[in-house]
2 protein chains.
Amino acid sequence: MELSCKSEYALLALIELSLHYSKGEPLRICQIAAEQAIPDRYLEQLLATLRRAGFVKSQRGAKGGYLLTREPWKITLLDVVSCIEGFEAKAKEVKSPTTAEGAAVWEVWHEVRQGAEAVLEKYTLQDLVDQRNARQQVDLMYYI
Amino acid sequence: MELSCKSEYALLALIELSLHYSKGEPLRICQIAAEQAIPDRYLEQLLATLRRAGFVKSQRGAKGGYLLTREPWKITLLDVVSCIEGFEAKAKEVKSPTTAEGAAVWEVWHEVRQGAEAVLEKYTLQDLVDQRNARQQVDLMYYI
DNA sequence: ATTATACTCCGGTTCTACAGTGGGGATTAC
DNA sequence: GTAATCCCCACTGTAGAACCGGAGTATAAT
(Lines give C-alpha, C1' and ligand atoms only; values in the text may rest on other atoms or scores of the structure.)
Protein backbone atom coordinates (compact mmCIF):
# COMPACT_ATOMS: atom_id res chain seq x y z
CA MET A 1 0.00 0.00 0.00
CA GLU A 2 1.85 3.01 -1.29
CA LEU A 3 0.81 6.53 -0.44
CA SER A 4 2.81 8.30 -3.08
CA CYS A 5 2.48 11.70 -4.61
CA LYS A 6 0.65 9.99 -7.45
CA SER A 7 -2.28 8.95 -5.27
CA GLU A 8 -2.37 12.35 -3.69
CA TYR A 9 -2.64 14.05 -7.07
CA ALA A 10 -5.42 11.71 -8.11
CA LEU A 11 -7.35 12.36 -4.92
CA LEU A 12 -6.97 16.10 -5.21
CA ALA A 13 -8.26 15.98 -8.76
CA LEU A 14 -11.24 13.89 -7.72
CA ILE A 15 -12.00 16.23 -4.86
CA GLU A 16 -11.98 19.09 -7.30
CA LEU A 17 -14.37 17.19 -9.52
CA SER A 18 -16.55 16.44 -6.50
CA LEU A 19 -16.82 20.13 -5.73
CA HIS A 20 -18.20 20.70 -9.22
CA TYR A 21 -20.25 17.54 -9.30
CA SER A 22 -23.60 19.21 -8.74
CA LYS A 23 -23.07 21.61 -11.63
CA GLY A 24 -22.93 18.80 -14.13
CA GLU A 25 -20.44 20.65 -16.29
CA PRO A 26 -17.13 19.05 -17.19
CA LEU A 27 -13.94 20.37 -15.67
CA ARG A 28 -10.84 20.81 -17.79
CA ILE A 29 -7.49 19.29 -16.87
CA CYS A 30 -5.75 22.63 -16.85
CA GLN A 31 -8.33 24.03 -14.43
CA ILE A 32 -7.79 21.20 -11.99
CA ALA A 33 -4.06 21.36 -12.41
CA ALA A 34 -3.95 25.09 -11.79
CA GLU A 35 -6.19 24.85 -8.74
CA GLN A 36 -4.19 22.08 -7.11
CA ALA A 37 -0.71 22.94 -8.37
CA ILE A 38 -0.29 19.68 -10.24
CA PRO A 39 1.71 19.41 -13.47
CA ASP A 40 -1.06 19.21 -16.05
CA ARG A 41 0.65 16.72 -18.39
CA TYR A 42 1.15 14.40 -15.44
CA LEU A 43 -2.39 14.79 -14.22
CA GLU A 44 -3.56 13.87 -17.69
CA GLN A 45 -2.04 10.42 -17.28
CA LEU A 46 -3.65 9.92 -13.90
CA LEU A 47 -7.07 10.96 -15.17
CA ALA A 48 -6.70 8.54 -18.06
CA THR A 49 -6.13 5.77 -15.54
CA LEU A 50 -9.13 6.88 -13.50
CA ARG A 51 -11.23 6.98 -16.64
CA ARG A 52 -10.26 3.44 -17.65
CA ALA A 53 -11.16 2.33 -14.14
CA GLY A 54 -14.57 3.98 -14.49
CA PHE A 55 -14.32 6.68 -11.82
CA VAL A 56 -14.54 9.55 -14.28
CA LYS A 57 -15.72 10.05 -17.80
CA SER A 58 -14.30 12.48 -20.31
CA GLN A 59 -16.02 14.76 -22.75
CA ARG A 60 -13.91 15.58 -25.73
CA GLY A 61 -13.84 18.69 -27.83
CA ALA A 62 -14.61 22.26 -26.96
CA LYS A 63 -16.22 22.79 -23.54
CA GLY A 64 -15.01 19.32 -22.75
CA GLY A 65 -13.28 18.01 -19.67
CA TYR A 66 -13.84 15.43 -16.97
CA LEU A 67 -16.81 14.45 -14.85
CA LEU A 68 -17.34 12.04 -12.01
CA THR A 69 -19.37 9.00 -13.01
CA ARG A 70 -20.68 8.39 -9.48
CA GLU A 71 -21.70 10.50 -6.57
CA PRO A 72 -18.76 11.62 -4.41
CA TRP A 73 -20.06 9.68 -1.41
CA LYS A 74 -19.96 6.45 -3.39
CA ILE A 75 -16.23 6.55 -4.02
CA THR A 76 -13.94 5.60 -1.15
CA LEU A 77 -10.32 6.59 -0.91
CA LEU A 78 -9.39 2.92 -1.05
CA ASP A 79 -11.08 2.66 -4.43
CA VAL A 80 -8.96 5.47 -5.75
CA VAL A 81 -5.66 4.51 -4.17
CA SER A 82 -5.80 0.86 -5.15
CA CYS A 83 -6.71 1.91 -8.67
CA ILE A 84 -3.80 4.31 -8.94
CA GLU A 85 -1.17 2.22 -7.20
CA GLY A 86 -1.87 -0.57 -9.60
CA PHE A 87 -3.41 -3.98 -9.60
CA GLU A 88 -0.03 -5.66 -9.28
CA ALA A 89 -0.33 -5.07 -5.55
CA LYS A 90 -1.92 -8.48 -5.51
CA ALA A 91 1.17 -10.02 -7.08
CA LYS A 92 3.26 -8.66 -4.24
CA GLU A 93 1.05 -10.26 -1.67
CA VAL A 94 1.24 -13.67 -3.26
CA LYS A 95 4.96 -14.03 -2.66
CA SER A 96 4.87 -16.81 -0.13
CA PRO A 97 7.34 -16.79 2.71
CA THR A 98 9.93 -19.55 2.67
CA THR A 99 10.80 -19.73 6.35
CA ALA A 100 8.87 -19.79 9.61
CA GLU A 101 10.37 -16.39 10.43
CA GLY A 102 9.26 -15.08 7.08
CA ALA A 103 5.72 -16.17 7.80
CA ALA A 104 5.72 -14.35 11.12
CA VAL A 105 6.89 -11.13 9.50
CA TRP A 106 4.42 -11.56 6.69
CA GLU A 107 1.53 -11.70 9.13
CA VAL A 108 2.49 -8.38 10.61
CA TRP A 109 2.92 -6.86 7.17
CA HIS A 110 -0.55 -8.07 6.36
CA GLU A 111 -2.00 -6.54 9.51
CA VAL A 112 -0.44 -3.19 8.69
CA ARG A 113 -1.87 -3.33 5.22
CA GLN A 114 -5.30 -4.25 6.49
CA GLY A 115 -5.20 -1.33 8.88
CA ALA A 116 -4.28 1.07 6.12
CA GLU A 117 -7.02 -0.24 3.89
CA ALA A 118 -9.55 0.05 6.70
CA VAL A 119 -8.76 3.73 7.13
CA LEU A 120 -8.89 4.41 3.41
CA GLU A 121 -12.14 2.55 3.06
CA LYS A 122 -13.70 4.58 5.85
CA TYR A 123 -13.55 7.85 3.94
CA THR A 124 -15.28 8.86 0.74
CA LEU A 125 -14.57 11.78 -1.52
CA GLN A 126 -17.54 13.54 0.03
CA ASP A 127 -15.95 13.24 3.46
CA LEU A 128 -12.85 15.02 2.23
CA VAL A 129 -14.95 17.73 0.67
CA ASP A 130 -16.79 18.24 3.97
CA GLN A 131 -13.51 18.27 5.83
CA ARG A 132 -12.19 20.87 3.43
CA ASN A 133 -15.24 23.05 3.92
CA ALA A 134 -14.99 22.77 7.67
CA ARG A 135 -11.35 23.78 7.46
CA GLN A 136 -12.14 26.78 5.34
CA GLN A 137 -14.77 27.75 7.89
CA VAL A 138 -12.09 27.72 10.55
CA ASP A 139 -9.78 29.80 8.38
CA LEU A 140 -12.59 32.28 7.93
CA MET A 141 -13.10 32.54 11.66
CA TYR A 142 -9.44 33.27 12.16
CA TYR A 143 -9.67 35.89 9.46
CA ILE A 144 -12.46 37.68 11.29
CA MET B 1 6.04 4.21 5.93
CA GLU B 2 7.52 1.74 3.50
CA LEU B 3 7.35 -1.97 4.02
CA SER B 4 10.03 -2.90 1.56
CA CYS B 5 12.14 -5.98 1.16
CA LYS B 6 14.83 -4.06 2.99
CA SER B 7 12.86 -3.90 6.23
CA GLU B 8 11.87 -7.51 5.88
CA TYR B 9 15.49 -8.60 5.56
CA ALA B 10 16.46 -6.54 8.57
CA LEU B 11 13.67 -8.03 10.66
CA LEU B 12 14.52 -11.56 9.62
CA ALA B 13 18.13 -11.00 10.57
CA LEU B 14 17.15 -9.60 13.95
CA ILE B 15 14.82 -12.52 14.58
CA GLU B 16 17.67 -14.86 13.83
CA LEU B 17 19.81 -12.96 16.30
CA SER B 18 17.00 -13.11 18.84
CA LEU B 19 16.89 -16.88 18.54
CA HIS B 20 20.55 -17.02 19.48
CA TYR B 21 20.39 -14.25 22.01
CA SER B 22 20.54 -16.49 25.08
CA LYS B 23 23.69 -18.21 23.85
CA GLY B 24 25.70 -15.01 23.96
CA GLU B 25 27.79 -16.06 20.98
CA PRO B 26 28.00 -13.83 17.92
CA LEU B 27 26.32 -14.90 14.72
CA ARG B 28 28.06 -14.49 11.39
CA ILE B 29 26.53 -12.63 8.47
CA CYS B 30 26.83 -15.64 6.21
CA GLN B 31 24.99 -17.82 8.71
CA ILE B 32 22.07 -15.44 8.91
CA ALA B 33 22.07 -14.94 5.17
CA ALA B 34 22.04 -18.67 4.49
CA GLU B 35 19.30 -19.31 7.02
CA GLN B 36 17.01 -16.61 5.69
CA ALA B 37 17.96 -16.72 2.00
CA ILE B 38 19.24 -13.15 1.96
CA PRO B 39 22.16 -12.00 -0.23
CA ASP B 40 24.98 -11.77 2.28
CA ARG B 41 26.65 -8.67 0.84
CA TYR B 42 23.35 -6.86 1.00
CA LEU B 43 22.62 -8.01 4.51
CA GLU B 44 25.99 -6.65 5.51
CA GLN B 45 24.85 -3.14 4.67
CA LEU B 46 21.63 -3.51 6.60
CA LEU B 47 23.45 -4.80 9.65
CA ALA B 48 25.82 -1.85 9.42
CA THR B 49 22.81 0.45 9.55
CA LEU B 50 21.38 -1.44 12.50
CA ARG B 51 24.74 -1.29 14.23
CA ARG B 52 25.03 2.47 13.77
CA ALA B 53 21.52 2.77 15.19
CA GLY B 54 22.57 0.73 18.21
CA PHE B 55 20.37 -2.33 17.79
CA VAL B 56 23.26 -4.71 17.30
CA LYS B 57 26.95 -4.76 18.05
CA SER B 58 29.62 -6.46 16.00
CA GLN B 59 32.62 -8.49 16.99
CA ARG B 60 35.36 -8.36 14.41
CA GLY B 61 37.91 -10.98 13.52
CA ALA B 62 37.74 -14.75 13.57
CA LYS B 63 34.82 -16.17 15.56
CA GLY B 64 33.25 -12.78 15.18
CA GLY B 65 29.76 -11.82 14.14
CA TYR B 66 26.78 -9.88 15.36
CA LEU B 67 24.93 -9.73 18.66
CA LEU B 68 21.80 -7.98 19.85
CA THR B 69 22.54 -5.14 22.24
CA ARG B 70 19.14 -5.37 23.96
CA GLU B 71 16.74 -8.10 24.88
CA PRO B 72 14.45 -9.12 22.01
CA TRP B 73 11.37 -7.97 23.90
CA LYS B 74 12.79 -4.47 24.18
CA ILE B 75 12.95 -3.88 20.44
CA THR B 76 9.71 -3.11 18.63
CA LEU B 77 9.18 -3.56 14.93
CA LEU B 78 8.62 0.17 14.63
CA ASP B 79 12.11 0.77 16.02
CA VAL B 80 13.57 -1.41 13.33
CA VAL B 81 11.47 -0.27 10.40
CA SER B 82 11.85 3.44 11.05
CA CYS B 83 15.58 2.91 11.43
CA ILE B 84 15.87 1.07 8.14
CA GLU B 85 13.51 3.19 6.11
CA GLY B 86 15.56 6.22 6.99
CA PHE B 87 15.28 9.37 8.95
CA GLU B 88 14.31 11.37 5.89
CA ALA B 89 10.78 10.13 6.47
CA LYS B 90 10.47 13.21 8.61
CA ALA B 91 11.41 15.43 5.68
CA LYS B 92 8.58 13.93 3.68
CA GLU B 93 6.09 14.64 6.41
CA VAL B 94 7.07 18.26 6.68
CA LYS B 95 5.89 19.07 3.18
CA SER B 96 3.03 21.32 4.09
CA PRO B 97 -0.11 21.20 2.01
CA THR B 98 -0.79 24.31 -0.02
CA THR B 99 -4.56 24.03 -0.46
CA ALA B 100 -7.51 23.23 1.74
CA GLU B 101 -7.99 20.01 -0.23
CA GLY B 102 -4.35 19.13 0.29
CA ALA B 103 -4.79 19.52 4.03
CA ALA B 104 -7.79 17.19 4.02
CA VAL B 105 -5.86 14.52 2.15
CA TRP B 106 -2.87 15.02 4.37
CA GLU B 107 -4.93 14.30 7.47
CA VAL B 108 -6.02 10.96 6.07
CA TRP B 109 -2.45 10.14 5.06
CA HIS B 110 -1.41 10.92 8.60
CA GLU B 111 -4.08 8.69 10.04
CA VAL B 112 -2.97 5.80 7.86
CA ARG B 113 0.59 6.31 8.94
CA GLN B 114 -0.36 6.45 12.60
CA GLY B 115 -2.27 3.23 12.21
CA ALA B 116 0.69 1.51 10.63
CA GLU B 117 3.00 2.75 13.34
CA ALA B 118 0.61 1.59 16.03
CA VAL B 119 0.66 -1.94 14.65
CA LEU B 120 4.43 -1.99 14.31
CA GLU B 121 4.89 -0.60 17.78
CA LYS B 122 2.67 -3.30 19.25
CA TYR B 123 5.04 -6.13 18.35
CA THR B 124 8.53 -6.83 19.56
CA LEU B 125 11.14 -9.18 18.15
CA GLN B 126 10.26 -11.61 20.91
CA ASP B 127 6.66 -11.67 19.75
CA LEU B 128 7.76 -12.72 16.29
CA VAL B 129 9.97 -15.41 17.74
CA ASP B 130 7.06 -16.76 19.77
CA GLN B 131 4.83 -16.63 16.73
CA ARG B 132 7.44 -18.55 14.75
CA ASN B 133 7.68 -21.20 17.43
CA ALA B 134 3.92 -21.57 17.57
CA ARG B 135 3.82 -21.96 13.83
CA GLN B 136 6.49 -24.63 13.88
CA GLN B 137 4.48 -26.42 16.54
CA VAL B 138 1.54 -26.51 14.18
CA ASP B 139 3.72 -27.80 11.38
CA LEU B 140 4.94 -30.52 13.67
CA MET B 141 1.37 -31.56 14.49
CA TYR B 142 0.58 -31.85 10.83
CA TYR B 143 3.69 -33.93 10.35
CA ILE B 144 2.57 -36.41 12.98
C1' DA C 1 -17.70 23.39 -43.00
C1' DT C 2 -14.45 25.59 -40.31
C1' DT C 3 -12.10 26.13 -36.33
C1' DA C 4 -10.69 26.02 -31.83
C1' DT C 5 -10.73 23.21 -28.04
C1' DA C 6 -9.09 19.47 -25.60
C1' DC C 7 -8.69 14.63 -25.14
C1' DT C 8 -5.55 10.32 -26.73
C1' DC C 9 -1.59 7.99 -27.54
C1' DC C 10 3.07 7.72 -28.46
C1' DG C 11 7.40 8.54 -27.02
C1' DG C 12 11.41 10.37 -24.23
C1' DT C 13 13.99 12.39 -20.04
C1' DT C 14 15.51 12.93 -15.44
C1' DC C 15 15.87 11.58 -10.85
C1' DT C 16 15.58 8.71 -7.02
C1' DA C 17 15.68 4.51 -4.38
C1' DC C 18 16.10 -0.30 -4.03
C1' DA C 19 18.54 -4.50 -4.73
C1' DG C 20 22.58 -6.62 -5.34
C1' DT C 21 27.83 -7.09 -6.36
C1' DG C 22 32.84 -6.33 -5.76
C1' DG C 23 37.43 -5.01 -3.99
C1' DG C 24 40.54 -3.72 -0.67
C1' DG C 25 41.43 -2.83 4.14
C1' DA C 26 41.10 -3.46 9.19
C1' DT C 27 40.66 -6.38 13.17
C1' DT C 28 40.81 -10.49 15.98
C1' DA C 29 41.30 -15.63 17.33
C1' DC C 30 44.15 -19.26 16.91
C1' DG D 1 51.45 -15.38 10.57
C1' DT D 2 47.27 -16.99 8.88
C1' DA D 3 42.60 -17.50 8.46
C1' DA D 4 38.31 -15.74 9.50
C1' DT D 5 35.36 -12.03 9.82
C1' DC D 6 33.71 -7.45 9.84
C1' DC D 7 34.21 -2.54 7.64
C1' DC D 8 33.96 0.91 4.14
C1' DC D 9 33.57 2.74 -0.46
C1' DA D 10 32.06 2.41 -4.87
C1' DC D 11 29.66 0.48 -8.54
C1' DT D 12 25.90 -1.61 -11.59
C1' DG D 13 21.18 -2.70 -12.89
C1' DT D 14 16.52 -2.18 -12.52
C1' DA D 15 12.20 -0.08 -11.49
C1' DG D 16 9.26 3.46 -10.59
C1' DA D 17 8.04 8.40 -9.97
C1' DA D 18 7.65 12.62 -11.96
C1' DC D 19 7.63 15.16 -15.84
C1' DC D 20 7.84 17.03 -20.78
C1' DG D 21 6.56 17.28 -25.92
C1' DG D 22 4.45 16.33 -30.07
C1' DA D 23 1.45 14.35 -33.46
C1' DG D 24 -3.05 12.96 -34.08
C1' DT D 25 -8.08 12.83 -33.47
C1' DA D 26 -12.73 13.59 -31.76
C1' DT D 27 -16.12 16.95 -30.58
C1' DA D 28 -18.76 21.12 -30.14
C1' DA D 29 -19.37 25.94 -31.00
C1' DT D 30 -19.78 29.20 -34.61
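Here the structure is a predicted model, which means the values were calculated and not measured. Per chain, numbering begins at 1; letters A, B, ... match sequence-line order.
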Atom-pair distance ([atom1] on [X]; [atom2] on [N]), nearest Å:
| X | N | atom1 | atom2 | result |
| --- | --- | --- | --- | --- |
| A:L46 | D:dC20 | CG | C1' | 14 Å |
| A:K6 | C:dC15 | NZ | P | 20 Å |
| B:L3 | C:dA17 | CG | C1' | 16 Å |
| B:E85 | C:dT16 | CD | C1' | 15 Å |
| A:Y42 | D:dG16 | OH | P | 13 Å |
| A:L27 | C:dT5 | CG | P | 17 Å |
| B:I38 | C:dG20 | CD1 | P | 10 Å |
| A:L43 | C:dA6 | CG | C1' | 13 Å |

Notebook entry, point to check: Does OP1 or OP2 of D:dG16 have a side-chain N or O of A:S4 closer than 4.0 Å?
Noted result: no
Checklist line | Contact under 4.0 Å: A:S58 side-chain N or O vs C:dT8 OP1/OP2 | finding: yes
Margin query: Which is more 5' along DNA chain D, the nucleotide nearest B:G65 or the one nearest A:Y9? Just name the residue.
Written below: B:G65
Item checked: Of A:R60 and A:P39, the one whose closest DNA chain D nucleotide lies more 5' ->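 Counting from the 5' end, the first nearest nucleotide belongs to A:P39.
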Reckon [X] touches a base, only the sugar-phosphate, or nothing at all at heavy-atom distances under 4.0 Å?
| X | value |
| --- | --- |
| B:I29 | sugar-phosphate |
| B:R28 | sugar-phosphate |
| B:E44 | base |

Notebook entry, point to check: Which atoms form the tightest heavy-atom contact between B:T69 and B:V56, and what is the distance?
Noted result: CG2-C, 3.5 Å
Item checked: Closest non-hydrogen atom pair between A:D40 and A:I29, with its separation ->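 What the structure gives for the nearest pair is O-CG2, 3.7 Å.
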Item checked: Side chain of A:R51 - closest among C:dC9, D:dC7, C:dG11 ->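 When the side chain of A:R51 is considered, C:dC9 is the closest of C:dC9, D:dC7, C:dG11.
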Check: Looking at the side chain of A:A62, which of D:dC19, D:dC7, D:dA28 is the nearest nucleotide?
Finding: D:dA28
Checklist line | Pair A:K122 + B:E111: basic N to acidic O under 4.0 Å | finding: yes
Margin query: Check B:E101 with A:R135, please: is the shortest side-chain N to carboxylate O separation under 4.0 Å?
Written below: no
Notebook entry, point to check: Has the side chain of B:R41 got a donor or acceptor that lies under 3.5 Å from a partner of the other kind on the base of C:dG20?
Noted result: no
Checklist line | First encountered from the 5' end of DNA chain C, between A:R52 and A:K63 | finding: A:K63
Item checked: Earlier contact from the 5' end, DNA chain C, for B:Q59 and B:I84 -> B:I84
Next item on the list: May I ask you to decide if B:S82's main-chain N or O and B:E85's side chain share a donor-acceptor pair within less than 3.5 Å?
Entry: no
